[in-house]
Every structure is written in C-alpha cells, then in structure tokens.
2 protein chains.
Amino acid sequence: MDGRDFGRELSTAVVAFHEAVGARLGVTAVDQRALALIAGKGPLSAGELAKEINLTPGAVTGVADRLERAGLVRREPDPGDRRRVVLSAVPGAFGQVFAGLGAAMGELTARYSPQEQQVIADWVVRTVDVLKEQTRLLSEIGKNAPDRT
Amino acid sequence: MDGRDFGRELSTAVVAFHEAVGARLGVTAVDQRALALIAGKGPLSAGELAKEINLTPGAVTGVADRLERAGLVRREPDPGDRRRVVLSAVPGAFGQVFAGLGAAMGELTARYSPQEQQVIADWVVRTVDVLKEQTRLLSEIGKNAPDRT
DNA sequence: CATTTTAGTTCAGTGTACTGAAATATCGAG
DNA sequence: CTCGATATTTCAGTACACTGAACTAAAATG
C-alpha cells in the first residue's frame with residue numbers, strides 16, 4: 001500500500017460518510033463545506049460566506065436555511081449593522097452529529113504511542129495541505145470547460 | 001490536535017477535493033463512489049452496481065453515461081451474457097485525474113521512514129474501518145426521517 | 001420452439017438547488 | 001432628512017439527477 005492507495009480508500013470512506021451525514025441532516029455537501037468554514041473562521045456574514053464558497057447571495061440564503069433547520073448554525077442580525085446576518089456555528093451541534101465518529105477516532109488514536117501520534121498528526125497536516133493545493137490547481141484549470149463532444 | 005480534529009480538517013479537505021474533481025469532469029459525488037467501487041472490486045455489471053450504491057437501474061444508466069463520457073469507465077457487453085453490460089475502470093484514467101494528487105502523496109509519504117510509513121498505513125486502514133462503521137450506523141438510524149417541524 | 005424471466009435503456013414526472021432580478025430594510029453621505 | 005449604496009431575502013425560471021414504468025433484447029425453462 002503506497003501513498004496513492006492511502007488516499008483512494010480513505011477519501012472514498014470520507015466521502016461516503018459525509019453523504020450519510022448529509023442525508024441524515026438534510027444538508028448538502030456544499031452546506032457542510034460552508035459549516036466547516038463558519039466553524040473554522042468564526043462567525044461569517046451571509047455575504048462573506050457567499051464569496052468564500054462562490055455562490056450567489058440567493059443561494060446562500062438556502063444554505064443558511066438548511067444549516068439552521070438542522071440546528072448546526074445560528075442566524076443573528078449583526079448588532080452593529082442590522083442589514084447583515086451573522087452565521088455562527090452552534091457549539092456542540094456539529095460534535096453531536098459527529099459524536100460517534102469523534103469518540104471512535106479518539107479511541108483509535110489513543111492506541112498509539114505519543115511518538116506515533118505525532119507522526120500521524122504530522123502526516124495528516126501535510127496531507128491536508130497537499131489536498132488544498134491540489135484542489136486549488138483543479139479549480140483553476142477547471143475554468144476551461146471539460147472536453148465534451 | 002486530537003483524533004477529532006484530525007478527522008474534521010482532513011475530511012473537509014477531502015470533500016472539497018472531490019467536489020473540484022467532480023466539477024472538472026462533470027461527474028457527481030455518487031458517480032465517484034461508483035467509480036471507486038468499480039476500480040476496487042473489479043468490473044461490475046450495471047445491476048451489481050445498482051445494488052451496491054442503492055440506486056434504480058435507470059439511475060445507474062445515468063451514472064455509467066457520465067463516467068463513460070468522462071473517460072473513466074468502459075462499458076462493454078458481457079460476452080457470456082449479452083444482456084449484461086460490464087463496467088470496468090479505464091486503466092490510468094483515474095490516475096490521470098488524480099495524477100497530481102498521487103504524485104504529491106507519494107512524495108509526501110516517501111519522506112517518512114519505513115516504520116513511520118507503517119504507522120501511518122496502519123492508522124489509515126483503521127480509520128477507514130471506523131468511517132465505514134460509522135457510515136453504516138448513520139445510514140441505519142437515518143431511516144427515521146430527520147426531525148423537521 | 002414458445003414462454004417466462006432477467007438486464008439494461010428510455011422516458012415522463014418529481015424534487016431540489018442554483019441563478020438572476022426584483023423587493024425590503026438599513027446604513028452612510030450630503 | 002433625503003438619497004444613493006449595501007445586505008439579505010424572495011421569487012420565477014432553469015438545470016439536473018433520481019424514481020417508476022414501459023420498452024427492447026437476450027437468456028433460461030419447459
């Protein structure tokens with residue numbers, strides 16, 4: 001098993017898991033990426049989110065609707081500018097869905113020695129960087145339409 | 001960084017990458033899971049694939065159409081039973097899309113010692129198992145509709 | 001052979017997420 | 001206080017994948 005196959009199996013399993021989560025909660029893959037952004041970068045306004053995920057404002061309303069209905073984000077008017085709507089992740093809600101996974105992963109990780117955990121953490125961090133870079137490349141090249149007949 | 005966060009960042013990056021690939025090739029997330037199945041389990045008939053990914057035969061025709069158009073699978077009549085259509089992964093085609101990723105991952109993995117690679121491989125395998133198990137759990141529970149008002 | 005069963009495609013209908021434009025509400029400048 | 005600019009929502013129209021049923025072709029059964 002080399003680096004390639006690592007990725008293949010793992011990424012298939014990850015995608016399948018996300019699909020299951022999405023089906024369970026009634027949110028799309030895009031919604032989940034939006035949630036990850038909100039959770040990661042802190043509260044975002046609808047407009048900021050629209051730019052980040054490259055969607056029209058109208059579509060973002062839909063994203064926010066679904067995430068709010070699933071109990072994953074809160075939608076609050078910005079006290080400083082009441083035109084704005086600030087989306088923030090509901091603390092713990094994300095974790096609640098991923099509770100089973102989080103627990104299982106914690107348990108799994110605990111079975112490795114601290115040095116081993118260090119190696120794994122290092123690999124994951126670097127893998128994430130690689131994925132981000134490759135995603136960026138794909139998106140840029142992807143601006144030429146895929147060749148169809 | 002503990003086991004939970006491993007998963008979060010990594011899985012977000014994986015999903016984003018898959019979305020980019022899908023957009024580039026004009027295939028859906030489901031199509032990609034189908035491709036992974038075909039590549040992993042060897043050639044499958046349309047009917048077998050339908051059972052595996054829980055889709056109607058009609059939908060599978062669409063999956064096969066898109067994968068074939070993207071040059072990722074071949075569609076050939078089964079010589080032993082000419083009603084059947086066998087879907088097989090086009091060798092290298094998958095790799096061509098994932099070439100950049102594969103190369104980068106190979107390079108990344110090579111930077112670890114054999115023992116470290118062993119640890120990583122072990123962790124990945126177990127993580128895949130955990131993901132599959134959690135996906136299964138979600139899908140089963142998910143048969144109760146998500147609670148909506 | 002005739003008949004039934006099985007495999008896959010085609011097609012009409014449905015659901016859903018996206019775009020683009022109009023509507024609503026609030027801010028900031030003069 | 002008025003007016004133009006900005007943020008979000010609403011809404012009609014569009015695109016697309018899925019279901020279920022009808023259809024075509026080939027195999028198995030008697």
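Just so we're clear, the structure is a prediction, and the values are computed from it rather than from any experiment. To find a chain, count down the sequence lines: A is the first, B the second, and so on, and within it residues start at 1.
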message: Using every non-hydrogen atom in the two residues, find where Q134(B) and G100(A) come nearest and quote the distance to one decimal.
response: OE1-C, 3.3 Å
- prompt: Any donor and acceptor pair, going by atom type alone, linking the side chain of E9(B) with main-chain N or O of V125(A) inside 3.5 Å?
  reply: no
field: Closest nucleotide among dT9(C), dC27(C), dT19(D) to the A59(B) side chain
entry: dT19(D)
task: For L25(B) and A70(B), work out which heavy atoms get closest and say how close.
output: O-CB, 3.8 Å
query: Just how far, in rounded Å, is C1' of dA7(C) from CD of E76(B)?
result: 17 Å
message: I'd like to know if R83(B) reaches the base of dT6(C) with its side chain, counting only an N/O donor and acceptor under 3.5 Å.
response: yes
- line: Separation of dA7(D) atom C1' from E48(A) atom CD, nearest Å, is 11 Å
Interatomic distance where CG belongs to L44(A) and P belongs to dA7(D) [whole Å]: 14 Å
message: Salt bridge check, R136(B) against E133(B): does any charged N sit closer than 4.0 Å to a carboxylate O?
response: yes
message: Taking the nucleotide of DNA chain C with the nearest heavy atom to each, does T28(A) or G62(B) sit closer to the 5' end?
response: G62(B)
field: Nucleotide nearest R66(B) when distance is taken to its side chain, options dG20(D), dA17(D), dT19(C)
entry: dA17(D)
field: Contact summary for H18(A) and S11(B), nearest pair of heavy atoms
entry: NE2-OG, 2.9 Å
Nucleotide dA7(D), atom C1' - distance to CG of L87(A) in whole Å: 12 Å
field: Nearest-Å distance for atom pair CG/C1', residues L67(A) and dT8(D)
entry: 16 Å
task: Using atom CG of L55(B) as one end and atom C1' of dG8(C) as the other, report the distance to the nearest whole Å.
output: 14 Å
statement: Regarding the side chain of R82(B), the nearest nucleotide among dT9(D), dT9(C), dA26(D) is dA26(D)
Closest to side chain of R84(B), choosing from dT19(C), dA17(D), dA7(C): dA7(C)
query: Reckon S45(A) has a side-chain N or O less than 4.0 Å from the OP1 or OP2 of dT8(D)?
result: yes
message: I want to verify a distance call: between dG20(C), dT9(D), dA26(D), whose nearest atom is closest to the R75(A) side chain?
response: dT9(D)
message: Rounded to whole Å, please give me the gap between CG in D81(B) and P in dT6(C).
response: 12 Å
query: Quick one: D78(B) CG to dA25(D) P, roughly how many Å, whole number?
result: 19 Å
